[in-house]
There are 2 protein chains.
Amino acid sequence: MSGEAEAPRPAATIYDVAARAGVNPSTVSRALSKPGRVSAATEARIRRAAEELDFRVNPIARALLTGRTRTIGLVVADATNPAVFGIVRGAEEVASAQDYTLVIAESRGDPDAEVATTDRLLLSVDGLILATTRLPDERIRSLAARKPVVLVNRRLDGVDAVLPDVESGVTALVAHLDALGHRSVVYLAGAHGSWISERRWGAVQRAAAARSMSVAQWGPHAPTIDGGRALAPRILDESHTAVVAFNDLMAIGAMQAVVQRGGAVPGDVSIAGFDDIFGSEFIVPALTTVRTPFEAAGRNAAGALLQRFDGVSWEPELLGTELIVRDSTGPRR
Amino acid sequence: MSGEAEAPRPAATIYDVAARAGVNPSTVSRALSKPGRVSAATEARIRRAAEELDFRVNPIARALLTGRTRTIGLVVADATNPAVFGIVRGAEEVASAQDYTLVIAESRGDPDAEVATTDRLLLSVDGLILATTRLPDERIRSLAARKPVVLVNRRLDGVDAVLPDVESGVTALVAHLDALGHRSVVYLAGAHGSWISERRWGAVQRAAAARSMSVAQWGPHAPTIDGGRALAPRILDESHTAVVAFNDLMAIGAMQAVVQRGGAVPGDVSIAGFDDIFGSEFIVPALTTVRTPFEAAGRNAAGALLQRFDGVSWEPELLGTELIVRDSTGPRR
DNA sequence: TTGTATGCGTTATCAC
DNA sequence: GTGATAACGCATACAA
């Protein structure tokens, strides 16, 4: 329904409030932002005037002067990836509890877009959370030199980071596969340049080596359902029995396509993923996966930023990952 | 990794650029924002100086003067609801294409939090998208009187809105149920005060009446998986054969709990939902649902706002909904 | 305790 | 085509 062209009357300023309360604008500012620095009587008058005029302080004017926007920028690769929603939610929770606003921007996994986005954001936020970023190191450093930056799923010396302890979950996953009789594992890599995909691959390699299992990495691929689907023919052709995908989306895609081509999961091939996204539990067969505590990651990242703002140093802690065994992995055929 | 306390050197301003290029600050402003209003030679000098100083205009200072932030606020009830993914994505797509930044805030379905959120946002954005809001009418009107507002899934005279055409999808769903032999339908209502839940219920009623089927509404309930689970006992006890849930989350929860208690879906009871969220297709049995084009809704809403900003009037169009028949509905037992 | 003056970085409105 | 200047709304150092 298209409304009529409204005449948005100008918002009240501290000048309006001051005039109505019969005081100086600076007194209004003090009364409203530093309680106690003004006599009780005038404060009451000012509050009443402000109420009557429906006054709210203009965050833009305040920010220009103070240099603080009470805003946190969160840059994610792909907003449709269910995995990032945990991060968003955790960060939002912590931010809004401290009266910070969270600005979410999507880079679509395109590094150029990511540069543009961070550029645009940098001057309007107090700090930045870069989740699963594919920005070059120098670029991250240059951002971090200007404003507090916290990385999620990426490590870079001198920059705060919230990292999952991939090792624990992967070790359990590979042991699980080994126990089922699998002697080799194929790892389906995620996007090119993804730090976290590298880490997962490294952990798979180490865990497999410790058990004398052979491993191979395929990729990189789009970390999506379609990215996973595309791999099914090769999995079947080469008769692999155990596949670990970079994330659940890829695992789901691979599973679907394998079944569509007449393969059985886990009968012919066991498939596992990472993240434990929404749906992993409902799909048939239910997906075996390494759960990453995204919501906690989001909370930690936002918390780290808030501490930085207050000049408090922040001690990173690794987020434990956990193997969730479900039905997509089974004995080697 | 906690970095050292950086000394974030102050960002360059137009004064710095002006000094370096040997011109007046106002000329810098013109050269950078209004191309062509300055001689080619000086513009080149200025651009070079800006480049060398790594200058970016301060959006806050600009906004203070112009009153335009190039920012759109999007308020959603629950960021963990997969249905909102689409809205977020669609809105982000349109906004960033026009160089607008999207600020996403979550109200957690709590009207008080929503009031606080919209309050906080109002002065720092150019316009607001309220998705599935539960704000009181007067409140929405008061927001709309100050800044352009677009509603998604809610109708209010005089305020722009993007609405799904519930009717078409629901009519098809009820016809489908009728054809399967069901003579009565239970509607599982969503949250209290949800405008869209009311609409869906109304459409179910009308479609059922047209086919002389009997209907009942239960609720309101939390529009979540748990909200759906809680209803399974009653569904089984009262031997209902057809259930339509307010959304897929509730439908999935109801389905799970029915099966856990020994019921069969669709053997004993057919269950359908709304939204076609991620996962509906993978769950077993795959969920029959009325798909709502959320991404288009997000795009439309953002588009409407952008048109309003330019003073262009906007013509709403209903978004068609579509019945997706899958395996959770079947012949009446 | 309160008022005065100034500046944050930009753009718009004048002159020139 | 370019420079000077005011103004956006607020917070703060300083004066009273």
Side-chain angles (χ1 to χ4, degrees), chain A residues 8-47 49-50 53-71 119-120 122-126 146-147, chain B residues 8-47 49-50 53-71 119-120 122-126 146-147:
Chain A
R9 65 172 177 307
T13 73
I14 53 170
Y15 290 91
D16 304 322
V17 176
R20 192 174 239 275
V23 297
N24 190 280
S26 65
T27 307
V28 174
S29 170
R30 273 189 292 255
L32 266 26
S33 47
K34 309 237 161 92
R37 304 250 315 139
V38 115
S39 88
T42 53
E43 173 165 346
R45 276 218 316 290
I46 290 173
R47 289 208 179 279
L53 293 174
D54 194 27
F55 168 83
R56 348 245 115 163
V57 348
N58 182 328
I60 312 236
R62 171 180 282 171
L64 180 57
L65 187 57
T66 63
R68 302 278 309 264
T69 59
R70 287 197 88 79
T71 288
D119 247 15
R120 192 176 52 192
L122 190 64
L123 287 180
S124 25
V125 302
D126 291 344
R146 294 160 163 278
K147 291 273 175 76
Chain B
R9 69 173 174 306
T13 73
I14 52 171
Y15 289 91
D16 304 322
V17 176
R20 192 174 238 276
V23 296
N24 189 281
S26 63
T27 306
V28 173
S29 171
R30 271 191 292 256
L32 265 27
S33 47
K34 309 235 164 96
R37 305 248 318 137
V38 116
S39 87
T42 52
E43 174 167 345
R45 276 218 318 290
I46 290 173
R47 289 207 179 281
L53 293 173
D54 193 28
F55 167 84
R56 348 245 114 165
V57 351
N58 182 328
I60 311 233
R62 170 180 282 173
L64 180 57
L65 186 56
T66 63
R68 302 279 310 261
T69 59
R70 286 197 88 79
T71 288
D119 248 15
R120 190 176 54 194
L122 191 63
L123 286 180
S124 23
V125 302
D126 290 345
R146 296 161 161 276
K147 290 272 174 77

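Predicted model, so just to flag it, every value in this text is computed and none were measured. Order of the sequence lines sets the chain letters (A, B, ...), proteins ahead of strands, with each chain counted from 1.
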Less than 4.5 Å apart, side chain to side chain, heavy atoms only: is that true for [X] and [Y]?
X       : Y        : answer
A/Arg62 : B/Leu123 : no
A/Asn58 : A/Thr13  : no
B/Leu53 : B/Arg20  : yes
B/Val57 : B/Leu32  : no

N/O donor-acceptor pair, side chain A/Tyr15 with base D/dC10, under 3.5 angstrom: yes

Sugar-phosphate only, base, or nothing, as touched by B/Arg56 at under 4.0 Å among non-hydrogen atoms: sugar-phosphate

Touch class at under 4.0 angstrom, heavy-atom based, for A/Thr13 against every strand present: sugar-phosphate

Looking only at side-chain N and O atoms, does [X] come under 4.0 Å of OP1 or OP2 in [N]?
X       : N      : value
B/Ser39 : D/dT2  : yes
A/Ser33 : D/dC10 : no
B/Asn24 : D/dA4  : yes
B/Lys34 : C/dT11 : no
B/Ser29 : C/dT11 : yes
A/Thr27 : C/dG3  : yes
B/Thr66 : C/dA12 : no

Rounded to whole angstroms, how far apart are [atom1] on [X] and [atom2] on [N]?
X       : N      : atom1 : atom2 : value
B/Leu64 : D/dA11 : CG    : C1'   : 13 Å
B/Leu65 : D/dA7  : CG    : P     : 11 Å
A/Asp16 : D/dG9  : CG    : P     : 9 Å
B/Arg62 : C/dT10 : CZ    : P     : 9 Å
B/Leu32 : C/dA12 : CG    : P     : 14 Å
A/Arg45 : C/dT2  : CZ    : P     : 8 Å
B/Arg37 : C/dT13 : CZ    : C1'   : 11 Å
A/Ile14 : C/dA5  : CD1   : P     : 16 Å

Pairwise 5' ranking along DNA chain D for B/Gly22 and B/Ala61, keeping only the more 5' one: B/Gly22

Position toward the 5' end of DNA chain C (nearest nucleotide), B/Arg30 or B/Val57: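 Of the two residues, B/Val57 wins.
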
From D/dT2, C/dT10, C/dG3, nucleotide with atom closest to A/Ser26 side chain: C/dG3

Minimum-distance pair of heavy atoms, taken over all atoms of B/Ala11 and A/Arg146: CB-NH1, 4.1 Å

Backbone N/O of A/Ser124 and side chain of A/Thr69: donor-acceptor pair under 3.5 Å: yes

